[in-house]
Amino acid sequence: LPALESLRIDRMQKHQLKLRHVPRLATIDSGIGQFGYMLDSDDFVPGQTWVSALEIEDTPSLRELAFFARDLESISVRDTPNLREFSLGSYLVTLLGAQRPLPVDPDRCQQWIELIGNQEGPSSVDLQTLPLSELDLSPLAKNQRIRHLNLNGCGVRFEQLQTLAGMTQL
């Protein structure tokens, strides 16, 4: 798949996504697609691409990743120098845009924070709606490429944010 530039997968089922050596892939898009006509306006679906395992390697053109994290068991993102936005959330949405957060194991959230902290980038990290109120956010400070951090709806306390004081690039 060396010529693949865009990948579109649905949100209606859980995926194990493994992409290696896809140099031209710039976007991974999730949509409701053909299922939209089968849903009522108040039916809830995952708010992002639903994955249980994520392994992405050598995708230099990839710019953003956004995943429904509730069932995410493993993450490996390597050799993605142009990755600008990375989003993990655990919420459902309706066709009209209503949002409902879902619980996630805090131990998994801590693992994701540590993995993101050990990456080189992306510049924007969005962890909205994840339960981060009792977690150690300090591993994020190791990732000096992070310029924007969205912790909306995470219940983060001021004391936790103080561990990120050294991130002057935020």
Side-chain angles (χ1 to χ4, degrees), residues 1-105 107-109 111-132 143 145-146 148-154:
L1 300 171
L4 183 67
E5 295 178 3
S6 179
L7 175 63
R8 184 175 181 109
I9 53 180
D10 70 89
R11 301 180 193 184
M12 303 299 286
Q13 59 184 335
K14 189 174 6 177
H15 303 277
Q16 291 186 351
L17 186 59
K18 294 180 182 184
L19 297 169
R20 292 187 186 134
H21 313 297
V22 191
R24 296 179 66 189
L25 181 65
T27 61
I28 299 173
D29 184 24
S30 71
I32 297 172
Q34 73 272 18
F35 296 105
Y37 73 90
M38 295 173 18
L39 299 172
D40 287 333
S41 60
D42 58 349
D43 285 341
F44 283 92
V45 297
Q48 296 164 309
T49 304
W50 188 8
V51 292
S52 62
L54 175 63
E55 184 178 334
I56 296 180
E57 181 180 341
D58 190 22
T59 54
S61 299
L62 192 60
R63 294 185 305 262
E64 70 178 71
L65 293 171
F67 296 102
F68 177 67
R70 181 163 185 188
D71 300 311
L72 185 58
E73 296 173 6
S74 64
I75 302 173
S76 176
V77 179
R78 294 187 309 262
D79 300 322
T80 57
N82 291 308
L83 186 63
R84 301 289 179 252
E85 297 180 32
F86 184 77
S87 174
L88 290 177
S90 182
Y91 56 90
L92 301 176
V93 295
T94 66
L95 292 175
L96 298 177
Q99 193 177 59
R100 179 188 331 158
L102 293 177
V104 180
D105 180 3
D107 291 335
R108 280 194 186 164
C109 293
Q111 290 171 348
W112 301 332
I113 287 171
E114 291 167 11
L115 286 166
I116 294 167
N118 289 323
Q119 301 289 317
E120 291 185 17
S123 57
S124 178
V125 175
D126 181 346
L127 302 174
Q128 68 175 316
T129 73
L130 294 181
L132 305 180
N143 188 332
R145 285 188 51 203
I146 297 175
H148 177 78
L149 187 58
N150 182 353
L151 301 175
N152 240 2
C154 292

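When reading the values below, keep in mind they use all heavy atoms of this one structure, side chains included, and skip hydrogens, waters and symmetry mates. Because the structure is predicted, anything quoted here is derived from the model rather than measured.
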So, taking the atom named [atom1] in [X] and the one named [atom2] in [Y], what distance separates them when rounded to the nearest 0.5 Å?
X: R84; Y: S124; atom1: CZ; atom2: OG; value: 11.0 Å
X: S76; Y: R20; atom1: OG; atom2: CZ; value: 8.5 Å
X: L62; Y: E5; atom1: CG; atom2: CD; value: 12.5 Å
X: L4; Y: H21; atom1: CG; atom2: NE2; value: 14.5 Å
X: S90; Y: Q48; atom1: OG; atom2: CD; value: 9.5 Å
X: L130; Y: R108; atom1: CG; atom2: CZ; value: 12.0 Å

Nearest heavy-atom pair of [X] and [Y]: which atoms, and what distance?
X: L17; Y: I28; answer: CD2-CD1, 4.1 Å
X: W50; Y: M12; answer: CZ3-O, 3.9 Å
X: P81; Y: P60; answer: CD-CA, 3.7 Å
X: F68; Y: L102; answer: CZ-CD1, 3.8 Å
X: V104; Y: C109; answer: CG1-SG, 3.8 Å
X: D10; Y: H15; answer: O-NE2, 3.0 Å

Below 4.5 Å, heavy atoms only, C-beta onward: do [X] and [Y] meet side chain to side chain?
X: C154; Y: T129; answer: no
X: V93; Y: R11; answer: yes
X: L7; Y: V22; answer: no

Quick one, I75 with L88, criterion side-chain contact (heavy atoms from CB on, under 4.5 Å). Give me CA distance, side-chain angles, the key distance, then yes/no. CA-CA 11 Å; I75 302 173; L88 290 177; 4.0 Å; yes
Give the intermediate values and the outcome of side-chain contact (heavy atoms from CB on, under 4.5 Å) for residues L83 and I56.
CA-CA 11 Å; L83 186 63; I56 296 180; over 6 Å; no
Kindly say whether [Y] contributes a backbone atom to a donor-acceptor pair with the side chain of [X] at under 3.5 angstrom?
X: N143; Y: Q119; value: yes
X: N150; Y: L127; value: no
X: N82; Y: S61; value: no
X: T59; Y: T80; value: no
X: H148; Y: D126; value: no

query: Can a donor-acceptor pair be found between the side chains of T27 and S6 at a distance below 3.5 Å?
result: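 Yes, because at least one side-chain N or O of T27 sits under 3.5 Å from a partner of the opposite role on S6.
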State whether R145 and E120 are salt-bridged, where the test is any N-O pair (Lys NZ or Arg NE/NH1/NH2 against Asp/Glu carboxylate O) under 4.0 Å.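 Looking at R145 and E120, the cut-off is not met.
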